[in-house]
Amino acid sequence: MKTLKYISAALLLILFSSCLKMGLDDIAYFDEADITAFNFEYRWMGDNNGNDRLFVQKLNTAYTIDTIAYTISCDITVPDASDTGDEPTDDFPTEIRDMVSLEELVGYADLSTAAKIAPIGSAPNLGSMQNFSGNDMQYKVTAADDKTIKEWTLIITSFTK
C-alpha cells in the first residue's frame with residue numbers, strides 16, 4: 001500500500017511539473033508606473049462586545065490625477081458621525097470623528113499592474129497611520145520592469161470635517 005502511495009505521488013509530481021524551458025525571456029514586463037487612485041481612512045481601536053477591535057472609517061476622497069505633471073490632488077471630507085448604537089461595527093461615533101485630522105490618517109494608492117511605491121524623503125508611509133499635513137509628499141513609483149520610474153507628488157488641496 002505504501003508503494004502505491006509513493007508511485008502515485010511521483011506520478012503527480014511529473015504530471016504537474018512545468019515543461020516550459022524556452023520563451024521565458026519573451027514575457028512582457030509592465031512598464032507603467034502610474035498612480036491610478038488615492039484614498040484615505042481613519043483607524044481606531046475600540047470595544048466590540050468586550051473584545052478590542054480595529055475599526056476603520058473610509059474618508060470621502062475626491063482626487064485629480066495629472067499624468068503629465070505626476071501629481072495627485074486630493075480633497076478629503078470626513079463623513080458625518082453615525083451613532084446608531086445598534087451594531088458597534090457600523091458606528092462612526094462623534095467623539096471618534098472629532099479626533100480625525102491630517103496628522104493621523106492612513107493613505108493608500110492604486111498603482112499600475114505590479115508597480116511598487118515608496119516614499120521619498122520625509123513623505124509619509126502608506127498603509128499605516130501617518131501625518132499627511134506636510135507640503136513635500138513625494139513618492140517613487142517603479143514599474144514591474146524595474147526600469148520605468150516616476151516621481152509623483154501628493155497634494156492635499158482641502159480637508160473638510
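Just so it is clear, the values below take in all heavy atoms, side chains as well, and ignore hydrogens, waters and symmetry mates.
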task = Over all heavy atoms of both residues, which pair between D80 and F92 is shortest? Give the atoms and the distance, please.
result = O-CD2, 3.7 Å
key: Pair K150 + D34: basic N to acidic O under 4.0 Å   = yes
query = Does the side chain of S133 come under 3.5 Å of the side chain of N131 through a donor N or O and an acceptor N or O?
reply = yes
task = Classify the ring geometry between F40 and F132 as parallel (under 30°), tilted (30 to 60°) or perpendicular (over 60°).
result = perpendicular
Atom pair CD1 (I120) and CG (L154), whose distance is rounded to the nearest 0.5 Å = 12.0 Å
task = Of all the heavy-atom pairs spanning P119 and N125, show the shortest one and how long it is.
result = CG-OD1, 3.0 Å
request  = State whether the number of non-hydrogen atoms from other residues, nucleotides or ligands found under 6.0 Å of K161 atom NZ is greater than 12.
outcome  = yes
query = Who are the side chain to side chain donor-acceptor pair (under 3.5 Å) partners of T142, not counting sequence neighbours?
reply = none
query = Which word best sums up how the rings of Y139 and F38 line up, parallel for under 30°, tilted for 30 to 60°, or perpendicular for over 60°?
reply = tilted
task = With sequence neighbours excluded, tell me which residues meet side chain to side chain donor-acceptor pair (under 3.5 Å) with Q138.
result = T153
message = What I want to check is whether the side chains of T148 and D145 have a donor and an acceptor closer together than 3.5 Å.
response = yes
query = At their closest point, which heavy atom of Y70 faces which heavy atom of E151, and how far apart are they?
reply = CB-O, 3.4 Å
Residues Y42, M129; criterion side-chain contact (heavy atoms from CB on, under 4.5 Å); working and verdict = CA-CA 8 Å; Y42 184 74; M129 200 76 97; 4.2 Å; yes
inquiry  = Would you say V56 ends up clustered with M45 if hydrophobic residues are merged whenever their side chains have heavy atoms under 4.5 Å apart, either directly or through other cluster members?
reply    = yes
remark   = Between N60 and the options N39, D75, T77, V78, the side-chain contact (heavy atoms from CB on, under 4.5 Å) test singles out T77
request  = With sequence neighbours left out, write down each residue that passes salt bridge (Lys or Arg N to Asp or Glu O under 4.0 Å) with E103, or none if nothing qualifies.
outcome  = none
ask   = Does L59 reach the side chain of P79, with side-chain heavy atoms less than 4.5 Å apart?
value = yes
request  = Taking side chain to side chain donor-acceptor pair (under 3.5 Å) as the test, write out the residues that go with E41, two or more places apart.
outcome  = R43
remark   = Heavy-atom nearest pair, A123 first then M137, reads CB-CA, 3.9 Å
query = Tell me, do W44 and M99 make a side-chain contact under 4.5 Å, heavy atoms counted?
reply = no
request  = Using the test side chain to side chain donor-acceptor pair (under 3.5 Å), find all partners of E104 that sit at least two apart in sequence or belong to another chain.
outcome  = none
note = Minimal heavy-atom distance between P93 and A81, with the atoms involved, is C-CB, 4.1 Å
inquiry  = Would you compute the distance between atom CD1 of I76 and atom OG of S101 and round it to the nearest 0.5 angstrom?
reply    = 10.5 Å
task = Could you tell me the separation between the OG atom of S73 and the CD1 atom of I155, rounded to the nearest 0.5 Å?
result = 4.0 Å
V141 side chain reached by I35 side chain, heavy atoms, under 4.5 Å = yes
key: Pairs involving residues 105-124, ordered by first then second residue, that meet side-chain hydrogen bond (donor to acceptor under 3.5 Å, both in side chains) (sequence neighbours left out)   = K116-D146
ask   = Closest approach of W152 and T67, non-hydrogen atoms and distance?
value = CH2-CA, 4.2 Å
